[in-house]
Amino acid sequence: VFANNLFVEQSEIPHADDMDDSMLRMLYVACNDAIPVESQLVFTLKSLCGFSVKETALRLFITKANVYKRFSRAKKYLQEQTIELDDLTDSDMANRLPMVYRVLYLVFTEGHLSSHTDMAIRKDLCEEAIRLTLLISQSTVGNVPETYALLALMYFHLSRMNARQDDSGALLLLEQQDRSQWNKQYIAIGMGYMERSAQGEILSRYHVEASIAAEHCLAPSFKKTRWDKIVASYKLLEQVSPSVLHQLNQAIAMAEWQGPNAGLTVLQSIDSPIWLNSSYHWNAVLADLQYRCGKTTLAQKNTEQALQKAPTEDIKKMLRNRLEKYTL
């Protein structure tokens, strides 16, 4: 189903009724305001994008039981409707576009770091997310800065994909990657879309996240990364689209800029919700900063919890690679 061709001819921008990609049209149908947002996400990821119940739950930080409930609600509503794909107008698509962005963002994210038991990276998902976003950019409703910001973000991450695994397939951390393997063409494409995204007054989460990804792509090395700029961007991102995950990433960037104690201070100021405490992300970052601050006993406990909560063996290997080096 997933296309390998990342580029679509840009010669003519079609109207909504000229958009003949069935997958994209189905996304617009499912992203209906009459359905609760959470149920829209579950239904589109599971039914249209092929996510398993486990993958959907992990990506949305919810339980499997909640996946089943939300999927059933959305499915029931859509079954009761008589909406045809061709009935959607430009206005319908414009109203549903933010949720379509969110779905494609999650599809790309799952491809970038997969929760699939057999695949650490799913490039096919990333390419499909880009293909559909490119189609959106060619429509009258999608030819807007936010679409280009999302495309820039995707291409920046795609540019580093070939360097994210070693010869055995193990995931590599950013600081371990061979930057000569990064795809300069994709970085250039990302910069082009980022420039187009600046044409307007709207500042979306995708604009800010793309600027962070650009900093990483343009940095000559991990140590020479402009961490102060990245910290500032995460603070801005928290204003534009509040999320404790942004605060978590800000703590990581702060540790690189001002030292681990500064990063740990940011982390300890976070009011961590239950869903984050239940994921490996929280314990992994906490353990890393605690090790670097000399809090070895606490760090070891959080390392154990992070490994227990990691959803796949590939992610567990990456965590061991990151955290167990402090005990050597």
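For the residue pair Tyr280 and Ala310, the shortest heavy atom distance occurs at CB-N, 3.9 Å. The minimum heavy-atom distance between Cys293 and Leu264, with the atom names listed, is SG-CD2, 4.0 Å. Considering every non-hydrogen atom in both Ala129 and Met154, the closest pair reads CB-CE, 3.9 Å.
Between the Ser241 side chain and the Leu237 main chain, no donor and acceptor come within less than 3.5 Å of each other. A donor-acceptor pair is defined here as one N or O able to donate and one able to accept, closer than 3.5 Å; such a pair exists between the side chain of Thr147 and the backbone of Gly142. Remark: side-chain polar atoms of Arg160 are not paired, donor with acceptor, to backbone N or O of Leu174 under 3.5 angstrom. Put simply, the side chain of Glu238 gets close to the backbone of Ser243: a donor and an acceptor are under 3.5 Å apart. The main-chain N or O of Thr44 is never found under 3.5 Å from a side-chain atom of Ser47 such that the two would form a donor-acceptor pair. Put simply, the side chain of Gln290 never gets that close to the backbone of Lys295: no donor and acceptor are under 3.5 Å apart. One N or O on the side chain of His207 and one on the backbone of Ser204 form a donor-acceptor pair closer than 3.5 Å.
Rounding to the nearest 0.5 angstrom, the gap separating the CG atom in Leu289 from the OG1 atom in Thr265 is 9.5 Å. Taken from CG in Leu106 to OH in Tyr101, the straight-line distance is 15.0 Å, to the nearest 0.5 Å. With rounding to the nearest 0.5 Å, the separation of CG in Asn321 from CD1 in Ile315 is 13.5 Å. In this structure, CG on Leu276 lies 11.0 Å from CD1 on Ile274, to the nearest 0.5 angstrom. Taking CD of Gln176 as the start and CE of Met318 as the end, the distance is 10.0 Å to the nearest 0.5 Å. Annotation: the span from Arg102 atom CZ to Leu45 atom CG amounts to 9.5 Å, rounded to 0.5 Å.
Note on Met191: it does not cluster hydrophobically with Leu134, by side-chain heavy-atom contacts below 4.5 Å among ILVMFWY residues. The cluster map of Ile, Leu, Val, Met, Phe, Trp and Tyr, joined by side-chain heavy atoms under 4.5 Å apart, puts Tyr105 and Phe51 in the same cluster. Under the 4.5 Å side-chain heavy-atom criterion for Ile, Leu, Val, Met, Phe, Trp and Tyr, Ile212 and Val240 are members of the same hydrophobic cluster. Both Met26 and Tyr28 belong to a single network of hydrophobic side chains, linked directly or stepwise wherever heavy atoms of I, L, V, M, F, W or Y lie under 4.5 Å apart. Tracing side-chain contacts under 4.5 Å through hydrophobic residues (I, L, V, M, F, W, Y), one reaches Val144 starting from Met99; they form part of the same cluster.
Within 6.0 Å of atom CZ in Phe61, more than 12 heavy atoms from other residues, nucleotides or ligands are found, so the atom counts as buried in its surroundings. Within a 6.0 Å radius of NZ in Lys309, other residues, nucleotides and ligands contribute more than 12 heavy atoms. Within 6.0 Å of CD on Glu195 lie no more than 12 heavy atoms contributed by other residues, nucleotides or ligands. Counting heavy atoms of neighbouring residues, nucleotides and ligands inside a 6.0 Å radius, atom NZ of Lys316 exceeds 12 of them.
Side-chain contact, Tyr148 with Gln199: no donor N or O sits under 3.5 Å from an acceptor N or O. Side-chain atoms of Trp282 and Gln305 form no donor-acceptor pair, as typed in the model, at a separation below 3.5 Å. Side-chain polar atoms of His112 and Thr109 form no donor-acceptor pair below 3.5 angstrom. A donor-acceptor contact under 3.5 angstrom links the side chains of Ser180 and Asp178, judged on distance only.
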Please determine whether side chain to side chain contact (heavy atoms under 4.5 Å, CB included) holds for the pair Gln247 and Val244, giving the CA-CA distance in whole Å, both sets of side-chain angles, and the decisive distance to 0.1 Å. CA-CA 5 Å; Gln247 295 175 285; Val244 290; 3.5 Å; yes
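At a threshold of 4.5 Å between non-hydrogen side-chain atoms, the residues Ile136 and Leu104 count as touching. Two residues are said to be in side-chain contact when any heavy atoms from C-beta on lie closer than 4.5 Å; Ile202 and Pro145 fail this criterion. Looking only at side-chain heavy atoms (C-beta outward), Leu171 and Lys317 stay at 4.5 Å or farther from each other. In this structure the side chain of Thr303 never reaches within 4.5 angstrom of the side chain of Asn283, judged on heavy atoms.
Under the 30°/60° scheme for interplanar angles, the aromatic rings of Tyr193 and Tyr155 are found to lie parallel.
The pair Glu38-Arg70 does not meet the salt-bridge criterion, since no charged nitrogen lies less than 4.0 angstrom from a carboxylate oxygen. The pair Glu110-Arg59 meets the salt-bridge criterion, since a charged nitrogen lies less than 4.0 angstrom from a carboxylate oxygen.
Within the 6.0 Å centre-distance limit, the rings of Phe222 and Trp227 are counted as a close aromatic pair.
Exactly one of Asp124, Leu132, Leu125 qualifies for a side chain to side chain contact (heavy atoms under 4.5 Å, CB included) with Glu128. That residue is Leu132.
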